[in-house]
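Read the structure below first, then the notes.
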Amino acid sequence: MAASLRLWRLRSSWIFRCPVASRLSSGASAGSGQQPQLEKLTSTRQLDGIRHIILNNPKKRNALSLPMLKCLRDDILHDMESKALRVIIISAEGPVFSAGHDLKELSFEQDTKYLRDVFETCAEVMTLLQKLPVPVIAKVNGLATAAGCQLVASCDIAVASEKSRFATPGVNIGLFCSTPAVAVGRALPRKVALEMLFTGEPISAHDALLHGLLSRVVPEDKLEEETMKIARKICETSRSVVALGKATFYRQMALDLDAAYRMTSQIMVDNLTLKDGQEGIEAFIQKRKPVWSHTVDRACK
């Protein structure tokens with residue numbers, strides 16, 4: 001069991017901080033002596049087990065610049081092992097969820113080491129989302145392109161308003177969306193993903209739902225309500241059981257059918273040895289609400 005539980009344990013020794021991006025004010029210049037304005041790239045709040053992380057750089061179309069990615073990573077990992085954290089919701093300010101990488105960062109003026117850092121940090125954040133012990137929900141109200149579309153595809157659940165659109169348009173500017181293709185190609189049927197990648201044309205929220213990029217599409221005025229309904233339902237369950245189940249789901253998806261059943265059969269046994277595994281069954285039999293411990297403690301039997 002110990003090996004199984006290690007799949008989803010994460011260290012919580014991360015400082016809750018958000019890097020900021022330096023911006024020259026409208027009247028400032030490099031030699032003016034004025035201090036650059038500092039703009040926070042995300043905002044975060046947590047209430048009743050739900051952590052809201054909001055991409056907060058609408059003037060830059062919430063571009064996933066290196067500072068934004070580092071900020072997002074730190075916001076995600078803050079106090080990750082706390083039993084008080086049950087769900088993460090990622091949303092954005094403004095009409096664009098995220099336009100992907102900041103192209104000014106990717107100019108020829110940057111050395112290859114910096115460029116590698118941008119893409120490696122992005123890959124780290126995207127893979128991290130599926131390694132977390134809590135579910136991550138993308139709440140999308142607008143355009144999500146390139147790495148922004150990749151972010152949506154990398155979340156466990158994605159809820160979008162009807163006006164939202166999704167695209168991987170890098171091919172049109174000579175930068176094929178190869179890293180977004182990793183997540184998009186795993187969320188969508190291959191031919192749909194390749195059409196998006198080859199043409200750069202956006203798809204509607206309803207088409208994204210049809211092909212599996214989204215969990216549900218709702219009217220814009222119902223987006224918050226419907227997203228919170230999912231989050232609150234998750235909060236009613238055992239954190240430890242969900243964590244084990246999430247880790248198992250992604251692990252078995254990479255296996256062939258027989259290996260997946262062998263692995264998940266053992267995980268079911270491991271799940272039953274958890275205190276919350278036994279509590280859930282006893283509560284069902286006794287027709288009462290379970291009282292979760294949210295721990296990985298074993299049942300004393």
Side-chain angles (χ1 to χ4, degrees), residues 53 55 61-62 64 87-92 94-101 122-123 125-127 129-130 132 135-173 175-234 242 245-246 248-257 260:
I53 302 175
L55 308 182
R61 297 162 62 88
N62 294 311
L64 295 180
V87 186
I88 293 174
I89 297 174
I90 300 176
S91 60
V96 177
F97 177 78
S98 176
H101 291 293
C122 184
V125 170
M126 301 300 170
T127 56
L129 296 175
Q130 295 180 1
L132 299 175
V136 182
I137 304 173
K139 185 178 77 171
V140 186
N141 189 30
L143 184 65
T145 65
C149 186
Q150 179 185 4
L151 178 57
V152 175
S154 298
C155 290
D156 303 308
I157 297 171
V159 184
S161 67
E162 293 173 326
K163 75 175 188 179
S164 300
R165 293 183 303 152
F166 305 85
T168 51
V171 68
N172 294 323
I173 60 167
L175 182 63
F176 197 87
C177 286
S178 294
T179 48
V182 175
V184 172
R186 283 162 170 76
L188 294 167
R190 181 177 300 182
K191 288 180 171 58
V192 176
L194 286 172
E195 181 179 340
M196 290 179 65
L197 291 161
F198 290 156
T199 68
E201 287 297 303
I203 62 172
S204 68
H206 287 289
D207 282 344
L209 174 65
L210 175 67
H211 296 305
L213 181 62
L214 299 176
S215 310
R216 64 177 69 180
V217 175
V218 299
E220 184 177 5
D221 61 356
K222 296 289 185 182
L223 181 59
E224 175 71 12
E225 175 186 340
E226 293 299 318
T227 305
M228 290 300 294
K229 187 183 296 184
I230 297 170
R232 291 190 182 108
K233 184 61 179 177
I234 293 170
V242 169
K246 175 176 172 175
T248 303
F249 176 83
Y250 286 112
R251 185 181 174 197
Q252 64 87 17
M253 288 294 287
L255 302 175
D256 64 49
L257 190 62

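In what follows, residues are counted from 1 in the order of the sequence shown.
Between the side chain of Ser164 and the backbone N or O of Ala160, no donor-acceptor pair lies under 3.5 Å.
How far CZ of Arg251 is from CG of Leu255: 7.0 Å, rounded to the nearest 0.5 Å. Separating the CD1 atom in Ile230 from the CD atom in Glu225 is a distance of 11.5 Å, to the nearest 0.5 Å. Taking CG from Asp207 and CZ from Phe166, the interatomic distance works out to 11.0 Å, rounded to the nearest 0.5 Å. Here Cys155 contributes atom SG and Lys139 contributes atom NZ; the two are 13.0 Å apart, rounded to the nearest 0.5 Å. The line from CD1 of Ile234 to CD1 of Ile88 is 11.0 Å long, rounded to the nearest 0.5 Å. Cys177 contributes atom SG, which lies 8.5 Å from atom NE2 of His101 (distance to the nearest 0.5 angstrom).
You'll find the side chain of Pro180 stays beyond 4.5 Å of the side chain of Leu151, heavy atoms only. Side chains of Arg186 and Val182 form a contact here, defined as non-hydrogen atoms less than 4.5 Å apart. Side-chain contact between Ser91 and Asn141 is absent, with no heavy-atom pair separated by less than 4.5 Å. At least one side-chain heavy atom of Val184 sits under 4.5 Å from a side-chain heavy atom of Cys149. Under the 4.5 Å side-chain criterion, counting only non-hydrogen atoms from C-beta, Glu220 is not in contact with Glu162. For the pair Phe176/Thr168, no side-chain contact is recorded, criterion being any heavy-atom separation below 4.5 Å from C-beta on. Arg61 has its side chain out of reach of Ser98: every pair of non-hydrogen atoms, C-beta onward, lies at least 4.5 Å apart.
In this structure, Gln130 places its CD atom where more than 12 heavy-atom neighbours from other residues, nucleotides or ligands lie under 6.0 Å away.
Smallest separation of non-hydrogen atoms from Ala183 and Ser154: CB-OG, 3.5 Å. Nearest heavy-atom pair across Ala92 and Val96 is CB-O, 4.0 Å. Taking every heavy atom of both residues into account, Val171 and Leu197 meet most closely at CG1-O, 3.4 Å. The two atoms that bring Glu226 and Val218 nearest to each other are CG-CG1, 3.6 Å, heavy atoms only. The two atoms that bring Ala146 and Pro169 nearest to each other are N-CD, 3.8 Å, heavy atoms only. Taking all atoms of both residues into account, the shortest heavy-atom contact from Pro135 to Lys246 is CA-NZ, 4.1 Å.
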Mind running side chain to side chain contact (heavy atoms under 4.5 Å, CB included) on Met196 and Ile203 for me, showing each step along the way? CA-CA 8 Å; Met196 290 179 65; Ile203 62 172; 3.8 Å; yes

Could you go through Phe97 and Leu143, starting from their C-alpha distance and side-chain angles, then the distance that decides it, and tell me whether this counts as side chain to side chain contact (heavy atoms under 4.5 Å, CB included)? CA-CA 6 Å; Phe97 177 78; Leu143 184 65; over 6 Å; no

Determine, step by step, whether Val140 and Val159 satisfy the side chain to side chain contact (heavy atoms under 4.5 Å, CB included) criterion, reporting the C-alpha distance in whole Å, the side-chain angles of both residues, the deciding distance to 0.1 Å, and the verdict. CA-CA 6 Å; Val140 186; Val159 184; over 6 Å; no

Side chain to side chain contact (heavy atoms under 4.5 Å, CB included) between Met228 and Glu224: does it pass, once the steps are laid out? CA-CA 6 Å; Met228 290 300 294; Glu224 175 71 12; 3.4 Å; yes

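Tested against Ser215, the residues Ile157, Ile137, Asp156, Thr227 include a single side chain to side chain contact (heavy atoms under 4.5 Å, CB included) partner, Ile157.
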